[in-house]
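Atoms within each ligand, like the ligands themselves, are counted from 1 in listed order.
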Amino acid sequence: MVLYTPGRTSSYPDDPVKHGLRAFFLGGGDEVGNVGCILEDSTGTRLLIDYGLAPTRPPKYPAECPSVDHAIITHSHIDHMGMAPWLVGHLGTRLHGSPLTASLSEVMWRDTYKVSKIEGYPLAWDRRDMEEALQAWTTHQIGDWFEIGEWKCRFHRAGHIPGAVMIEIETPEMRVLWTGDMDTRASPNVLGALPVECDVLFLEGTYGNRVHPPRVEEEERLVSKVLEVVDRGGTALIPAFASGRGQDVLRILKREAPSLEAHYHGMGTRVTQLWMEHPESIREPKQLAKMWRWCRRVSGKSDRRKALDADVIVSTSGMLDGGPAIWYANRLRHHGANAILLTGYQAEGSGGRLLLDEGKLRIFGDVTPIDLEVEQFSLSNHAGQTELVNFARACAPRHVVIFHADEEGREPLSTQLAGEMKVHLPTNRVEIILE
Ligand SMILES: [Zn+2]
């Protein structure tokens, strides 16, 4: 557990930057998630990008942030914004983001706070910090320039999830692009990111070692599997994250098989309402609204029981670590015609991982065998290796800093890009000077 004693534990260098741009990762430099990075140059302009926490149990935090007036939050995933209330409460930092990210922050922070109380782990911030953070947002539309110290910044669409942005920064010396989590491929709810020419590219590398199968084929495979389960008299349970994957799955099903009876249950209900209030961030927003009318939202207990007779149930949590998905899995496991269809990465130690490896799930404290068909689909909203390499080439930078990746993710990217640009593989809490 990191102890937060402001001004005492920050490992950020004391000396001013003499030339070039200093990048100092507090977290997320040599790991996936848990992001926080300070950028600073000789003008004394200092900016923090993202300040998340890794939602492991207990959560993992980035290193303590030095005093900083401005932070840009790229998107509403908790590994990018989970520690922002601490920034506001302790350092008085101003938060910048897209209007949708700012709206979604309330749902994300309240949920993190609630989970910390249920699980009984101490969070580095309290309710008052969160209330202050909700008032600390300055929002910017895609494409609008704004100033941070001596720098000019503007947002570009990042793909990934609605509201996610890449950041273009013009310093007196150079042009920087920070991708955040991104995807150049369109998904049902967002269009893909486009390259921006720059001198320094900070490139996420989550799937740097992976070539994704064509998205259309994975979507077709998912739809046929659901139809097969329904034909044999079963119900397909699709565990999915609240902000992105669940809505993607429902849009695919509505588009390809509108006669299905689909039920949705989870935190995504509030998230989807906020998406619909920000149509500028959504791909074909009318189709999202149609999908939302088409599926049935579960709220009370009797709705839950009705959902058990549906064709498809899409529910949180995406990794079967809790939430209503566990309640449904427990009911559905008694009938062999049913199936569990996983649509995302299942982390080591998660319920979904246990299900894939051993055919078991932790249900209300007991490890229970699940004798159902289990299938996994690749619907990732992160660029894969091909997209990352093509994107980096099109941005044509002098320097590329590959972050948000583990060793397996960043090595292949580094090998492919090394002849064309200077590759930097950051280590958390070690400065990089770019010039
Ligand atoms: Zn993300």
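Partners of W151 by ring-ring contact (aromatic ring centres under 6.0 Å, His included), not counting sequence neighbours: none found. Under the side-chain hydrogen bond (donor to acceptor under 3.5 Å, both in side chains) criterion, E358 pairs with no residue at all, not counting sequence neighbours. With sequence neighbours left out, the side-chain hydrogen bond (donor to acceptor under 3.5 Å, both in side chains) criterion links T184 to no other residue.
Using a cut-off of 4.0 Å between Lys/Arg side-chain N and Asp/Glu carboxylate O, R128 and D126 are scored as not salt-bridged.
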Original post:
Do T171 and E173 pass the side chain to side chain donor-acceptor pair (under 3.5 Å) test, and can you show the C-alpha distance, the side-chain angles, and the key distance before you say yes or no?
Top reply: CA-CA 5 Å; T171 79; E173 288 179 69; 5.6 Å; no
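The number of protein N, O or S atoms lying under 2.8 Å from the Zn ion (ligand 1) is 4.
Geometrically, R251 does not engage W294 in a cation-pi contact defined by less than 6.0 Å to the ring centre and at most 45° from the axis.
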